[in-house]
Amino acid sequence: MTKTEGRLLIALAAVLIHLMLAGTGVAEVVDRIVAEVNNDIVTLSELQNMAKTVESQAGVKPKGQDAKKMQREMLEALIDRKLAKAEAKRRGIVVSDKEIDAAMAQFKQRSNVPDDETFAKGLAQAGLSVKEFRQQIADQMTQERLLVMVVGTKVSVSDAEVRRLYEQQFKKGGSQVHIVTLRMPFPPGATEAQKEETKQKAETILTAVKRGESLAGAAAQFSLKPSDVGFVSQSDLEPRLAEYLNNLKPKEVAPILTQEGIQLMQVMGRRSGEARPFEEAAPEIRRILQQQEMEKYFADWVKTLREKAHIKIML
């Protein structure tokens with residue numbers, strides 16, 4: 001396996017990493033209204049779909065008071081979205097199906113999802129349908145266009161601010177991680193028993209590595225051979241996967257469950273990459289700072305919509 005192929009496998013594993021970190025059960029819910037926003041409503045199913053997306057991205061499911069706090073924060077965000085969406089409609093902002101198709105294709109390409117079936121299965125495991133995901137993309141694109149229309153040229157970033165962020169985050173160079181992967185695919189059309197057998201093999205290998213055996217040596221008993229991907233830039237990894245790997249100690253091995261099977265990932269070491277010159281990094285830094293300022297301005301603007309709106313929360 002080439003290093004490029006190995007990185008594609010890592011990216012695909014990142015898309016479906018929630019299969020291991022989050023539960024796969026989806027509770028049946030009786031839908032109801034949880035908030036009124038002018039002439040619109042927020043339903044419990046909308047709130048839960050948002051929760052599934054957040055939990056999938058974070059890789060964890062909050063409990064107790066944390067769950068209640070997150071639920072309220074998401075409800076407030078949905079209310080803001082409803083207000084912004086209504087304002088976008090009033091201003092004539094429209095996102096076409098063609099634009100949504102292009103955005104979805106770009107998302108799948110960036111995430112290295114091999115086909116539509118794998119994409120749909122990954123969404124289903126997160127409790128989302130393709131239709132619901134399309135709607136989330138449409139809402140996001142609508143809000144982004146509204147943000148540009150509302151904020152316009154009101155946001156400016158000084159050269160001093162760009163230089164300051166460069167000195168704080170970009171001057172030292174990006175970190176890289178050395179990754180070794182071991183693919184353990186399920187047989188074609190695998191039964192639950194066959195999948196369980198593969199999982200047991202993975203557990204056997206993990207146990208052997210914890211005892212001090214090398215990954216290659218532990219895998220050899222099943223006629224498997226790890227692939228050395230080499231050093232990969234942290235910035236090239238999907239954020240959740242990068243965070244997941246950051247929690248691993250050198251030589252530690254951790255499993256990732258995907259639709260296709262199990263992938264064991266071992267972090268061999270880390271190093272700092274070469275620093276980017278200021279002239280090269282400055283445009284990206286300016287875009288980051290401009291986006292942050294635009295979002296702050298937009299959040300304040302949405303508050304003015306709230307002050308004029310009829311909002312009733314029933315959660």
Side-chain angles (χ1 to χ4, degrees), residues 1-24 56 59 107-126 176-234 236-270:
M1 181 185 296
T2 66
K3 289 185 178 182
T4 299
E5 290 171 332
R7 289 173 184 175
L8 291 177
L9 288 169
I10 290 172
L12 177 58
V15 174
L16 300 172
I17 196 172
H18 61 265
L19 297 179
M20 177 192 68
L21 297 179
T24 57
S56 173
F107 175 85
K108 286 185 280 189
Q109 182 180 18
R110 188 172 64 248
S111 303
N112 294 293
V113 180
D115 51 53
D116 290 341
E117 183 180 358
T118 301
F119 180 63
K121 286 181 179 178
L123 288 177
Q125 290 291 344
Q176 299 176 330
V177 57
H178 184 183
I179 302 172
V180 172
T181 66
L182 177 64
R183 290 187 65 212
M184 302 184 68
F186 295 137
T191 63
E192 288 303 317
Q194 289 174 316
K195 291 181 180 180
E196 186 59 34
E197 182 181 353
T198 302
K199 293 176 183 178
Q200 290 298 325
K201 289 180 181 179
E203 286 292 339
T204 300
I205 293 173
L206 287 170
T207 301
V209 172
K210 288 178 181 178
R211 290 200 305 261
E213 193 171 344
S214 68
L215 179 59
Q221 61 181 303
F222 299 112
S223 301
L224 297 172
K225 185 178 180 181
S227 174
D228 191 335
V229 180
F231 278 96
V232 179
S233 174
Q234 290 271 112
D236 288 340
L237 295 173
E238 198 275 338
R240 284 177 293 127
L241 179 60
E243 182 180 358
Y244 178 60
L245 295 178
N246 274 339
N247 293 325
L248 299 182
K249 300 175 182 177
K251 302 295 179 69
E252 186 176 359
V253 179
I256 293 177
L257 177 64
T258 72
Q259 292 285 341
E260 289 74 29
I262 298 173
Q263 187 170 189
L264 301 184
M265 304 188 73
Q266 184 176 40
V267 172
M268 302 301 294
R270 296 180 174 84

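Owing to the predicted nature of the structure, the values given are computational and were not obtained by experimental measurement. These numbers come from the heavy atoms of this one structure, side chains and all, not from hydrogens, waters or symmetry mates.
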Problem set entry | Of Val180, Ile205, Val253, Leu264, the residue whose pairing with Pro226 passes side-chain contact (heavy atoms from CB on, under 4.5 Å) | Val180
Exercise. Out of curiosity, Asp228 CG to His178 NE2, how far, rounded to the nearest 0.5 Å?
Worked result: 3.5 Å
Exercise. What pairs with Asp115 under side-chain hydrogen bond (donor to acceptor under 3.5 Å, both in side chains), at least two apart in sequence or on another chain?
Worked result: Thr118
Seminar exercise, completed: On a heavy-atom basis, the closest approach of Tyr244 and Ala254 is OH-CB, 3.2 Å
For this session: Report the C-alpha distance between Val267 and Lys249 in whole Å, list the side-chain angles of each, state the deciding distance to 0.1 Å, and finish with yes or no for side chain to side chain contact (heavy atoms under 4.5 Å, CB included).
Result: CA-CA 7 Å; Val267 172; Lys249 300 175 182 177; over 6 Å; no
For this session: Any chance you could measure Lys225, atom NZ, to Leu182, atom CG, to the nearest 0.5 Å?
Result: 12.0 Å
Problem set entry | Atom pair CZ (Arg270) and CD1 (Ile179), whose distance is rounded to the nearest 0.5 Å | 9.0 Å
For this session: Any side chain to side chain donor-acceptor pair (under 3.5 Å) involving residues 196-210? Give me the pairs, sequence neighbours left out, ordered by first then second residue.
Result: Glu196-Gln200
Exercise. Taking side chain as C-beta onward, heavy atoms only, is Met184 less than 4.5 Å from Gln263?
Worked result: no
Problem set entry | CD on Gln266 to CG on Leu245, rounded to 0.5 Å | 11.5 Å
Problem set entry | Residue pair Ala218 / Glu213: nearest heavy atoms and the distance that separates them | N-OE2, 3.3 Å
Seminar exercise, completed: Heavy-atom closest pair (Thr191 atom, Gln194 atom, distance to 0.1 Å) is N-OE1, 2.9 Å
